[in-house]
There are 2 protein chains.
Amino acid sequence: MKNTPEKLNYHHGDLRTTLLRVASEMIKEHGIEALSLRKLAAQVGVSRTAPYHHFKDKNALLCGIAENGFEKLNRINQHGFEETHLSPHERFSRFIHNYIRFASNNAELYELMFGRTIWKDKNSTQELRDCAYPCFQFQVTMTQQWQQQGLLNVDDNALRVSQVLWGTVHGIAKLFIDGIYTDNSKVEEICDYAVNMFLADNKQ
Amino acid sequence: MKNTPEKLNYHHGDLRTTLLRVASEMIKEHGIEALSLRKLAAQVGVSRTAPYHHFKDKNALLCGIAENGFEKLNRINQHGFEETHLSPHERFSRFIHNYIRFASNNAELYELMFGRTIWKDKNSTQELRDCAYPCFQFQVTMTQQWQQQGLLNVDDNALRVSQVLWGTVHGIAKLFIDGIYTDNSKVEEICDYAVNMFLADNKQ
DNA sequence: TTCAATAAGTTGACATTGTCAAGTTAACAT
DNA sequence: ATGTTAACTTGACAATGTCAACTTATTGAA
C-alpha cells in the first residue's frame with residue numbers, strides 16, 4: 001500500500017522524501033526565505049508539525065535539501081574529472097563554466113548550499129558536512145592536477161591557489177545570484193575572462 | 001533642547017540617526033538576522049512603531065545602514081586611489097588587501113551591503129543605489145588604471161576584467177564571512193596569492 | 001492472533017516578529 | 001492663540017517556528 005503518488009490515509013508512507021522534494025521545488029520557485037514549514041506541510045497535505053518527526057527543526061530540513069545539492073554538484077565535478085580526452089586548458093575552462101552554470105541554474109539551491117543560513121554558527125548537520133567536504137576537497141585535487149599539467153605554477157601552495165580559484169567562481173556566482181550583477185547574458189563571457197586571466201602566462 | 005545623549009521626553013529629537021547607530025551596533029554584535037525592529041526600538045527606548053515614522057519599513061532601515069557602509073568603503077577606496085607615491089604593483093596589492101580587510105572587520109555590515117536581503121527583488125532604495133553605484137564604478141576605474149600602468153592586459157574589456165577581480169575579492173570575503181572558510185589567520189596569505197595569480201605574467 | 005511498544009501524525013498553545021490603523025502629544029508656523 | 005502637522009503611542013492582526021499532549025496506525029514479540 002505504498003504506490004499512491006501523493007497523499008495517503010493517516011501515515012503518509014514516505015513523508016521525509018516528499019518533504020525534501022516539495023521543499024526543493026518551493027525554494028526553486030519562490031526563494032529560500034519564502035519557504036515556511038507550515039506552507040510546506042500544507043502543500044504536502046499534512047499538519048504543520050508532521051515534519052518534526054522527520055527533521056529536528058527547519059534548519060535540519062534545509063541541510064537535507066543542501067545535501068542533495070552537494071550530491072548533484074559532486075556528480076558534475078566527477079564527470080568533468082573523467083573527461084580525459086580533452087586538453088588541460090579545455091578542462092579547466094569547462095570546470096569554471098560548469099561550476100557557474102550549476103550555480104546559475106540552481107540559484108536558490110546554491111545560495112542554500114554555500115550560504116550563511118547553513119554554515120554560520122555551526123548550523124550544519126554532520127550528514128551535510130559529510131556531503132560537502134568532499135566537494136570542497138575536490139577543488140584542491142583539481143588544482144593539484146592543473147599544477148602538474150603545467151596550467152598553474154607547481155611551486156604554489158595548492159590549497160591557497162584553490163581557495164583563490166574557488167573564491168573567484170563563488171564570488172561571480174554570488175554577485176549574479178544575489179542580484180548585484182543583473183545582466184545574466186554576460187555570465188559566459190565573464191567566465192571566459194576568468195579562465196584567461198588565470199591561465200594567461202601558461203597559454204602560449 | 002537637543003543635547004541630552006539618549007532618551008528624551010516624548011519627541012526623541014534625533015531618532016533616525018540614533019536608530020541607524022544602534023541598529024548598526026546590534027548587527028555588528030549579533031548578526032543581521034538577529035536584528036528585530038522591536039528589540040531595536042526597545043533598546044533605543046521608544047515604542048515598537050516609532051521607527052516607522054523615519055523608515056518606510058525594515059528594509060528601508062537596512063538600506064540606511066548599508067548606505068553608511070558604502071560611504072565608509074568609498075572613503076577607503078578613495079584613500080587608496082590617492083597614494084600615488086606607491087608602485088602600481090603595491091597599490092594593486094593594497095587594494096585587494098584593503099577590500100578584504102574591510103569585509104573582515106565589518107563582516108555583518110558587508111553581508112548587508114552586498115547581500116541578497118537588499119539587492120534581491122529590487123529591494124534597494126534609490127538613496128542606497130546612489131551610494132552603491134559609485135562604489136561599483138570605482139572597480140572599473142581602478143581596473144582601467146591598472147591596465148594603463150601595464151599591470152593588466154590593456155586590450156581586455158575593463159568591465160569584464162573588473163567583474164572577475166571583484167568576483168574574486170567578493171568571493172573570498174564571502175567564504176570567510178559566511179563561515180565556510182573558518183581559519184581567519186589565512187586571509188592575508190590568500191590575498192597575496194590572489195595578487196600574484198593575477199599579476200604573474202606582468203611582474204618581472 | 002493478540003497486544004504492547006513505538007513511529008507517524010494531529011490539534012492546541014505560545015512567543016516573536018513585521019506592520020497597519022487609530023489615537024495622543026508636542027512643536028512650529030501663522 | 002491656535003490649528004496643522006510631525007513624532008510618538010497603544011491595540012490589533014497574521015505569519016511563523018516550535019513545544020506539549022493527544023491520537024492513530026504499524027509492527028514485532030508473546
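Only a predicted model underlies this, so the values are computations on that prediction, with no experimental measurement involved.
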Residues forming a ring-ring contact (aromatic ring centres under 6.0 Å, His included) with [X], sequence neighbours excluded:
X: A:F95; answer: A:W146
X: A:Y110; answer: A:Y99, A:F114, A:H170
X: A:F136; answer: A:W119, A:Y133, A:W166

For this session: Please check if the side chain of A:D156 supplies one atom and the backbone of A:A158 the other of a donor-acceptor pair under 3.5 Å.
Result: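 Not at all, since once roles are kept as given, no pair shorter than 3.5 Å links the two residues.
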
Seminar exercise, completed: Per-nucleotide protein contact along nucleotides 12-17 of chain C, 5' to 3', at a 4.0 Å heavy-atom cut-off (B base, S sugar-phosphate only, - neither), is BB---B

Exercise. Would you call A:E108-B:K120 a salt bridge at under 4.0 Å N-O?
Worked result: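 Between B:K120 and A:E108 there is a salt bridge, with a charged N closer than 4.0 Å to a carboxylate O.
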
Exercise. How would you list, by chain and number, every residue that makes a side-chain hydrogen bond (donor to acceptor under 3.5 Å, both in side chains) with B:T49, sequence neighbours excluded?
Worked result: none

Give the rounded distance in Å between these two atoms: [atom1] of [X] and [atom2] of [N].
X: B:I32; N: C:dG18; atom1: CD1; atom2: P; answer: 14 Å
X: A:H53; N: D:dC19; atom1: NE2; atom2: P; answer: 12 Å
X: B:D14; N: D:dA6; atom1: CG; atom2: C1'; answer: 15 Å
X: A:N59; N: D:dT16; atom1: CG; atom2: P; answer: 18 Å
X: A:L15; N: D:dT26; atom1: CG; atom2: C1'; answer: 16 Å
X: A:Y52; N: C:dA7; atom1: OH; atom2: C1'; answer: 19 Å
X: A:L40; N: D:dG17; atom1: CG; atom2: C1'; answer: 13 Å

Throw together a table of side-chain donor-acceptor distances under 3.5 angstrom for residues 26-39 of chain B, partners on residues two or more places apart or in other chains.
| residue | atom | partner | partner atom | Å |
| --- | --- | --- | --- | --- |
| B:K28 | NZ | B:N105 | O | 3.4 |
| B:E33 | OE1 | A:R116 | NH1 | 3.2 |
| B:E33 | OE2 | A:R116 | NH1 | 2.3 |
| B:S36 | OG | B:R38 | N | 3.4 |
| B:S36 | OG | B:K39 | N | 3.0 |
| B:K39 | NZ | B:A34 | O | 3.2 |

Compile the donor-acceptor pairs under 3.5 Å between side chains in residues 70-83 of chain A and protein atoms, sequence neighbours left out, one pair per line.
| residue | atom | partner | partner atom | Å |
| --- | --- | --- | --- | --- |
| A:K72 | NZ | A:N106 | OD1 | 3.1 |
| A:N74 | ND2 | A:F70 | O | 3.3 |
| A:N74 | ND2 | A:C131 | O | 3.4 |

Going by atom type alone, with no hydrogens or angles, which donor-acceptor pairs under 3.5 Å involve a side-chain atom of residues 176-192 of chain B and a protein atom two or more places apart or on another chain?
| residue | atom | partner | partner atom | Å |
| --- | --- | --- | --- | --- |
| B:Y181 | OH | A:Q163 | O | 3.4 |
| B:D183 | OD1 | B:S185 | N | 3.2 |
| B:D183 | OD1 | B:S185 | OG | 2.6 |
| B:E189 | OE2 | A:R160 | NE | 3.1 |
| B:D192 | OD1 | B:H97 | NE2 | 3.1 |

For this session: Please figure out whether B:D57 or A:A50 has its closest DNA chain C nucleotide nearer the 5' end.
Result: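 On the 5' side of the pair lies A:A50.
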
Exercise. Which angle, rounded to 10°, do you find between the first-five-pair axis and the last-five-pair axis of the helix from C:dT1-D:dA30 to C:dT30-D:dA1?
Worked result: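 End axes: 0° apart.
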
Exercise. Within less than 4.0 Å of OP1 or OP2 of D:dA6, is there a side-chain N or O belonging to B:H54?
Worked result: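 Answer no for this pair, as no side-chain N or O of B:H54 is under 4.0 Å from OP1 or OP2.
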
